[in-house]
A.B. asks: 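Dumping the structure here so I can ask a few things about it.
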Number of protein chains: 2
Amino acid sequence: MLDVRKLRLLRELAHRGTIAAVAEALAYTPSAVSQQLAALEREAGVPLLERTGRRVALTPAALTLVEHTEKILAVLEQATADLAASRAELTGTLRIGAFPTAVRTILSPALVALSRDHPGLELMVTELDPATVPAALRAETLDVALVQDYDYVPAEPDPALDSEPLLEETVYLAALSGGPLETRRDAPWIVGTPGTLCHTMTVRACQAAGFTPRVRHHADDFGTVLALVAAGQGVALVPELGLLTHPANVVLTALPTRRRTRLAYRRGTKEHPAVIAARSALNAAATGRKP
Amino acid sequence: MLDVRKLRLLRELAHRGTIAAVAEALAYTPSAVSQQLAALEREAGVPLLERTGRRVALTPAALTLVEHTEKILAVLEQATADLAASRAELTGTLRIGAFPTAVRTILSPALVALSRDHPGLELMVTELDPATVPAALRAETLDVALVQDYDYVPAEPDPALDSEPLLEETVYLAALSGGPLETRRDAPWIVGTPGTLCHTMTVRACQAAGFTPRVRHHADDFGTVLALVAAGQGVALVPELGLLTHPANVVLTALPTRRRTRLAYRRGTKEHPAVIAARSALNAAATGRKP
DNA sequence: GTTAACCGTAACCTGAGCTTATGCTCGATG
DNA sequence: CATCGAGCATAAGCTCAGGTTACGGTTAAC
């Protein structure tokens, strides 16, 4: 009987590439992970890892093992979901991850509704960049998370994760005057810090319009971005949710680009009562904002 | 993360009914099983067991947990099968269960072929009554087994097991004179010991013909049965494979009843290379006997 | 050449999970 | 109705799986 705990380490290794990263993610020492994987290899009777330089690579046999592991972990999630559903009241803790804008706009009202309807449910919110969400969900640091699915930035399919559309917003060009994206070829730009989804989204949208933005400022908070625009420091792309307060002199031009926000969770937790509750609260908060 | 080892205990409990039986089957003490199940219940946060008299019953939540466990164990079997397939040579041990007649007729030649073609494969044969096969397969005492599927004795579907047809034979009425089953209403009968499949089969076949057999002798070995028939002690039903040597004065009348033999294994092991090898060897032995 | 990142082994230590021992409850039996 | 056996649960103790820390070897980058 193969040990599922060890298989989980192998799966994490397939995603993260190094034993050190697996250990870091799952709160072990690298030595422990190494020993467990060595034991798994011994039990399997087939080579699973081979050193390539200072990393390890998975053999084909190990990769098929990982695929099976994904299935098993999904069933286990489903089983715990069913257990939670069979309980009368919703208890335990739900760890929610979200990007900063979402926290202040749709997540806050959803949290109010959630804690009102389910007093037994402990809510933990973590603010993080969507790029780090998949790893956090897999490592069970988070249970559900809001992620973005900008045009031009499709999320790679992850067999361990599942998601569903939650919200779709218009993206605006924020400037001191109106006019389409193409006319901003030579304007100074205000974008997010490199590596974030906002940054990528802006750069790709400009490239699709035929130019590379001349980056002048970096700012992730849309309030700051709009203040910079109002101060004549440049132009920027801002999604609908970033416009809670916008300075009077900033002109917004709707672009065809749309920002889609999705609710992500581990495969198998779709029917977990806490996820169901989060889904309905978030949907209510998202549509409640519309008018 | 639910512990699959503990879930396996729960599944076994669902099948066997008492903690003591589970412990017996899996080579633990009852105390260990009790503690593990108590721990599982604690982790689940939901009552799983409730004492009814001096036994324990599973709650609905526990039953759905068992269903999930079946899926997980099947995937685990599949994973080990894939591992074995990725190995060049076939190694390890294959534990085969079979009823006595089968051992002497089709299993022996199959064993010869198997050990010739796969010298690295260790073969272990256990002679047992088909009625005990499902439990032995689930408890991983056996890997594959030959079971019978007489008319009137359909095997109940077990979610943990899988099987496929292997052989179909005619059942004969053995007597000192020819004639259909209905004419033996008042004859003394020779049947297997109560509880075995052979016994059930004979009784039901007679009942389908409109009478209950008057049992005179009990014998499980078909050689013995035929000797008793030859000695004028009564009549009996004997399947084709039981007729390796039959006394000259015994007359055989083919009946419409047919005996079907199936190859059974745990769900998920269908593509295990050792099972594949066993399948082909047994099929060859079964068809090789036909002419 | 030096350094940093990473993997693996050795040695040690802790607790999960086994065993044995024992008590309790329920149902069958005379 | 008293007795007895079957079965479950708890207590106490022991063992080993599986963790940690320490250290050495190898690889890639600068």
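Only a predicted model underlies this, so the values are computations on that prediction, with no experimental measurement involved. Letters A, B, ... are given to chains in the order of the sequence lines, protein chains preceding strands, and every chain is numbered from 1. Just so it is clear, the values below take in all heavy atoms, side chains as well, and ignore hydrogens, waters and symmetry mates.
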A.B. asks: Given C:dG8, C:dT20, D:dT20, which nucleotide is nearest the side-chain atoms of A:I19?
C.D. replies: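 Given the options C:dG8, C:dT20, D:dT20, the side chain of A:I19 is closest to C:dG8.
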A.B. asks: Please give, in whole Å, the distance from D:dC16 P to A:D3 CG?
C.D. replies: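 Those two atoms, CG and P, are 19 Å apart.
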A.B. asks: Separation of B:L37 atom CG from C:dC18 atom C1', in whole Å?
C.D. replies: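 Nearest whole value for this atom pair: 14 Å.
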A.B. asks: Distance check needed: D:dG7 P versus B:R16 CZ, whole Å only.
C.D. replies: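 Between P of D:dG7 and CZ of B:R16: 14 Å.
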A.B. asks: State which of D:dG18, D:dA28, C:dC7 makes the closest approach to the side chain of A:R51.
C.D. replies: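 Out of D:dG18, D:dA28, C:dC7, the nucleotide with an atom closest to A:R51's side chain is C:dC7.
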A.B. asks: In whole angstrom, give the distance that lies between atom CD of A:E43 and atom P of D:dA17.
C.D. replies: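 Whole-Å distance recorded here is 11 Å.
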A.B. asks: Please compare B:P30 and A:L13 by the position of their nearest nucleotide in DNA chain C and report the one closer to 5'.
C.D. replies: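 This one resolves to A:L13.
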A.B. asks: At 4.0 Å (heavy atoms only), tell me whether B:A20 reaches a base, stays on the sugar-phosphate, or touches nothing.
C.D. replies: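 Sugar-phosphate, no base atom in range.
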A.B. asks: Mapping A:T52 and B:L49 onto DNA chain D by nearest heavy atom, which one lands closer to the 5' end?
C.D. replies: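 Taking each residue's closest nucleotide, the earlier one in sequence belongs to B:L49.
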A.B. asks: Do the side chains of B:E70 and B:R11 get close enough for a salt bridge, i.e. N-O under 4.0 angstrom?
C.D. replies: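 Salt bridge between B:E70 and B:R11, a charged N being under 4.0 Å from a carboxylate O: yes.
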A.B. asks: Scan B:T29 against the nucleic acid and name what it touches under 4.0 Å (heavy atoms): base, sugar-phosphate only, or nothing.
C.D. replies: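 Base contact.
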A.B. asks: Charged N to carboxylate O under 4.0 angstrom, B:R16 versus B:E24?
C.D. replies: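 The answer is no: the pair does not qualify as a salt bridge.
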A.B. asks: Please say which of B:K270, B:R267, B:R262 ends up in a side-chain hydrogen bond (donor to acceptor under 3.5 Å, both in side chains) with B:S163.
C.D. replies: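 It is B:R262; the other options fail the test.
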A.B. asks: If only side-chain N and O atoms of B:R5 are considered, is one of them under 4.0 Å from the OP1 or OP2 phosphate oxygen of C:dC18?
C.D. replies: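 Indeed, a polar side-chain atom of B:R5 lies that close.
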A.B. asks: Between C1' on D:dA9 and CZ on B:R55, what's the gap in Å once rounded to a whole number?
C.D. replies: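 To the nearest whole Å, that distance equals 17 Å.
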A.B. asks: Kindly say if B:S34 contacts the phosphate of D:dC8, meaning a side-chain N or O under 4.0 Å from OP1 or OP2.
C.D. replies: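 Indeed not, no polar side-chain atom of B:S34 lies that close.
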A.B. asks: Any side-chain heavy atom of A:L49 sitting closer than 4.5 Å to one from A:L13?
C.D. replies: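 Yes - at least one pair of side-chain heavy atoms lies under 4.5 Å apart.
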A.B. asks: Separation of B:Q36 atom CD from D:dT10 atom P, in whole Å?
C.D. replies: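 My rounded result for the distance is 14 Å.
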A.B. asks: Considering all heavy atoms of both residues, which atom of A:L90 and which atom of A:A274 are nearest to each other, and what is their separation?
C.D. replies: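 Smallest heavy-atom distance, with atoms named: CD1-N, 3.7 Å.
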A.B. asks: Which listed nucleotide (C:dG17, D:dT21, C:dC7) is nearest to the side chain of B:K6?
C.D. replies: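 Of all the options, the side chain of B:K6 is nearest to C:dG17.
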A.B. asks: Regarding A:Q35, tell me which of base, sugar-phosphate or nothing describes its non-hydrogen contacts under 4.0 Å with the strands shown.
C.D. replies: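 Counting heavy atoms under 4.0 Å across all strands, the contact made by A:Q35 includes a base.
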A.B. asks: Send over the distance from B:Y28 OH to D:dC8 P, rounded to a whole Å.
C.D. replies: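 Distance check: B:Y28 OH to D:dC8 P gives 17 Å.
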A.B. asks: Looking at B:S31 and D:dT10, is any side-chain donor or acceptor paired with a base atom of the opposite kind under 3.5 Å?
C.D. replies: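 Answer yes: a donor N or O sits under 3.5 Å from an acceptor.
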A.B. asks: Starting at CG of A:L40 and ending at P of C:dG8, how long is that distance when rounded to a whole Å?
C.D. replies: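 These atoms are roughly 13 Å apart.
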A.B. asks: Report the nucleotide, chosen from C:dT19, C:dC26, D:dA9, that has the shortest atom-to-atom distance to any side-chain atom of B:V56.
C.D. replies: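 Nearest to the side-chain atoms of B:V56, counting from C-beta on, is D:dA9.
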